Asks: 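Let me give you the structure first, and then I'll get to my questions.
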Amino acid sequence: MPREESQTVLDVVTYVQRHLDASLAYRFACRVGMCGSCAMTVNGQSRWTCRTHVSRVADDGRLEIAPLHNLPVVRDLVTDMTEFFDKWAKARGRFTGTRSRHEDFERVPPAGRREEVDAGIECIGCGVCYSACDVVSWNPDYAGPAALNRAWTLVQDVRDAATIERLRAVAGDAGAHACHTHMSCTERCPKQISPTAGIAGLKRAIAMAALKGEL
Amino acid sequence: MSARTQTFLWIGQRASAAVLALCVLVHLCTIIYAVRGGLSAAEILGRTRGNAAWLGFYSVFVFAVAVHVPIGLRSILAEWFGWQDESRDLVLWVLAAVLAMMGIRAVFGVFG
Amino acid sequence: MNARLRNDFRARNHPAYWAFLVHRLSGLALALFLPVHFWALGQALQGAARLETFLRWTDSPLVKFAEWGLVVLLAAHLTGGLRLLALEFLPWRDWQKSLAAVAGGLALIAGLAFALAL
Ligand code: SF4
Ligand code: FES
C-alpha cells in the first residue's frame, strides 16, 4: 500500500479494492463529506472515511477498518441501514407544514429557536452517531442520536405543526429519555453536531408536555 | 408501560435527584463531623434521639432514595441484564416499598 | 439476520463515557449497600447496646477502608449527578468536559476530608 500525502481512509479502502482484492464491498459517493455514505469504523471508532486522514487516525502505522457498529453487516464494509432510517420516520422526522404553495413564504427570525435548529440541521445521515452509541446496542428499540436530533430540529422549527405528535413519538424508554449522556454521538459526529444537546432539549420539552397533561 | 408513564419515571428520577443532591451534601458533612474521634452508639444516639428536625430531614431523604434507586436500577436491569418486561417493574415497585420501610425504621431507630 | 459489531474500549474511551461509568457503578454499589445500612441503623431500635456491638465491628481497618470507599462513591455519585442535571437542564456547548473534571475533583476532596476525619 503506497503511503501518500493527505491520504484518506477511503483512499486506502479504494486502493485495496482496485489493487488487492476486487471483491471488497464498501460504500461511498461524494468523497467530500456531503452524502454520508462512507462511514465505517477505523481503529474501533466510527468515522466518515472520505474526510478522515490516515495520518490522524493511524495507530503506530496501523489501520483497522471495519463496518459501522450496531447495524447488520451485509458484506465486508457495508451495513444495512434500514433500521437507522426507519427510526427517523418513527421519530416523525418529516416536516409538517401548514402553508400551501399559494401562500407567501414564512419569515423566520434567525435568532432564538432558529439557532437551535441551525445547530443540528447539517446532519448528513451518516450513521456515525448511531454506530458509536452504546444505548443503541443495549436497547434495540432506542431511536438513536440522529433520529432524535432530527426530531429536535423540527420541534424547534416555528413553522412545523406536529410538535405534540412528535414529542409523543420520541418520549420514554425508546426515545429521548433512554439517553444516558454518554456523549459518544457528540464526540464522533463529523459535522460537529451535538445530538446529546438536542436530546436533552427533547427530554425537557416532553417532560413539560407531560406535566401539562398534553402528552 | 406507556411512554407517558416512562416520562414520569424520568421526571421522578430528576426531581428526586435534586432533593437528594441537597440531602447527600448535608449527609456527607454530618458523616465527616460525626466520625471525628470515632463512633460510639451512646454518643450518637444521645445527640440524635428525639430530634424532630433531623427526623424530618432524614425521612425526606429516605423517600427520595426509595424513588431514586428503583428507577436507576430499572435501566441497569434492562441494559446490562436484559430484563425489561413487566415483571421487572413489579419487582422494582416492591423494592421501592421495602426501601422506604427499612429506611423509615432506621430513621425512627436513630432519631425517634 | 446478519451479525452486528459492537463498540469496545476504543470507542468508549472519552471523558463523558468515563463519567457515565463512574456514575452507574457508584450508583449500583450504593443501591446494594443501602439495605445493609438501613438494617444496621435499625439495630438502634433494639437499644444502644445493639448498635454499639455493630459499631465496634466497624472499627476493624478493613471495614473502615470500605466505609471510606462508600463515602467516595457517594460523593462521586453526587457530583456526577449534579453534572448530569446541569447537562440536561442548562444550555451548554463547550464547558461540558471541564464539568466532568470538576465533578471528579470534588468527589476526591470529599474522600480526603473523610479520610482526615477518621
Ligand atoms: S448527527 Fe452527525 S454522526 Fe449522526 S448521522 Fe448526523 S452527521 Fe452523522
Ligand atoms: S463519501 Fe460522501 S460523505 Fe464520505
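Please read these numbers as outputs of a predicted model, since none were measured by experiment. Chain A is the first sequence line, chain B the second, and so forth, proteins listed ahead of strands; every chain is numbered from 1.
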Asks: Return the option, out of A/Lys203, A/Arg188, A/His182, with the maximum number of heavy-atom pairs under 4.5 Å with chain C.
Replies: A/His182
Asks: With ring pair (Phe, Tyr, Trp, His ring centres under 6.0 Å) as the test, would you mind laying out the steps for A/His180 and A/Trp138 before giving the verdict?
Replies: CA-CA 11 Å; A/His180 290 306; A/Trp138 297 338; 7.1 Å; no
Asks: Aromatic rings A/Phe84 and A/Trp88: how do their planes relate, parallel, tilted or perpendicular, breaks at 30° and 60°?
Replies: perpendicular
Asks: Which atoms of A/Glu64 come close to chain C, meaning under 4.5 Å heavy atom to heavy atom: side chain ones, backbone ones, both, or neither?
Replies: side chain
Asks: Between C/Leu5 and A/Ser131, is there a side-chain heavy-atom distance shorter than 4.5 Å?
Replies: no
Asks: Heavy-atom pairs under 4.5 Å with chain C: which of A/Ser46, A/Ala66, A/Cys133, A/Gly44 has the most?
Replies: A/Gly44
Asks: A side-chain contact here means heavy atoms from C-beta on lying under 4.5 Å apart; do A/Asp141 and A/Asp173 qualify?
Replies: no
